[in-house]
Amino acid sequence: MNVLEEWTALVCRELGIDPAVVDRDLVLDLTRDVAHGVARPAAPLTAYLLGLAQGAGTAPPDAAAVISAKAAEWSRD
């Protein structure tokens, strides 16, 4: 098990989350898109917002697709 897997398992255990429902790659890909397309500090904020969306009932893959598209369109004119 690598460090990222260990960390994910530990945090899931502490928060009472089933690790099987965590799509780690989806979150990492999303935050990469935001960090590169918007700004690095926006990446952790976006991960938090994704968690809020999931809590509100928005399916994470749908929310992630919307956010990734917005990050690709982002322009700081």
Side-chain angles (χ1 to χ4, degrees):
M1 188 179 290
N2 69 32
V3 172
L4 191 54
E5 290 170 346
E6 290 178 34
W7 176 250
T8 302
L10 171 69
V11 173
C12 285
R13 195 169 43 252
E14 291 297 317
L15 297 178
I17 298 169
D18 177 2
V21 300
V22 177
D23 190 341
R24 188 181 66 219
D25 291 336
L26 176 127
V27 174
L28 293 174
D29 289 346
L30 172 65
T31 55
R32 180 201 59 225
D33 292 346
V34 172
H36 293 162
V38 180
R40 286 185 68 178
L45 175 60
T46 300
Y48 175 73
L49 295 172
L50 180 64
L52 290 177
Q54 180 177 5
T58 303
D62 296 340
V66 167
I67 296 167
S68 287
K70 293 298 177 187
E73 297 169 359
W74 184 260
S75 173
R76 290 181 262 165
D77 294 329

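In what follows, residues are counted from 1 in the order of the sequence shown.
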### Query
Using links of under 4.5 Å between side-chain heavy atoms of ILVMFWY residues, direct or through other members, which residues join V66 in one cluster?
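Once heavy-atom contacts under 4.5 Å are chained together, V66 still belongs with nothing else.
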### Side-chain cluster (under 4.5 Å, hydrophobic types only) that L28 belongs to, other residues
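So far as hydrophobic clustering goes, L28 is joined with L4.
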Partners passing side-chain contact (heavy atoms from CB on, under 4.5 Å) against [X] (at least two apart in sequence or in another chain):
X   : result
L49 : L45, L52
A35 : R40, A43
A47 : V27, T31

### Task
Treat each ILVMFWY residue as a node, draw an edge where side-chain heavy atoms are under 4.5 Å apart, and state whether Y48 and L30 are in one component.
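Different hydrophobic clusters.
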### Task
Establish whether V21 and V11 are linked, either directly or via other cluster members, by ILVMFWY side-chain heavy-atom contacts under 4.5 Å.
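Yes, it is one cluster - the side chains of V21 and V11 are joined through contacts under 4.5 Å.
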### Message
Please list all pairs meeting salt bridge (charged side-chain N to carboxylate O under 4.0 Å, His left out) that have one or both residues in residues 15-34, counting only residues at least two apart or in different chains.
### Response
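The answer is D29-R32.
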### Message
By the salt bridge (charged side-chain N to carboxylate O under 4.0 Å, His left out) test, which pairs, at least two apart or in different chains, include something from residues 56-71?
### Response
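Qualifying pairs: K70-E73.
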### Partners meeting salt bridge (charged side-chain N to carboxylate O under 4.0 Å, His left out) with E14 (sequence neighbours left out)
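Salt bridge (charged side-chain N to carboxylate O under 4.0 Å, His left out) check on E14 returns nothing, list empty.
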### Task
Measure across C12 and V22 and return the closest heavy-atom pair with its distance rounded to 0.1 Å.
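Residues C12 and V22, closest heavy atoms: SG-CG2, 3.7 Å.
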#### Entry: L26 side chain reached by L50 side chain, heavy atoms, under 4.5 Å
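With C-beta onward as the side chain, the pair touches.
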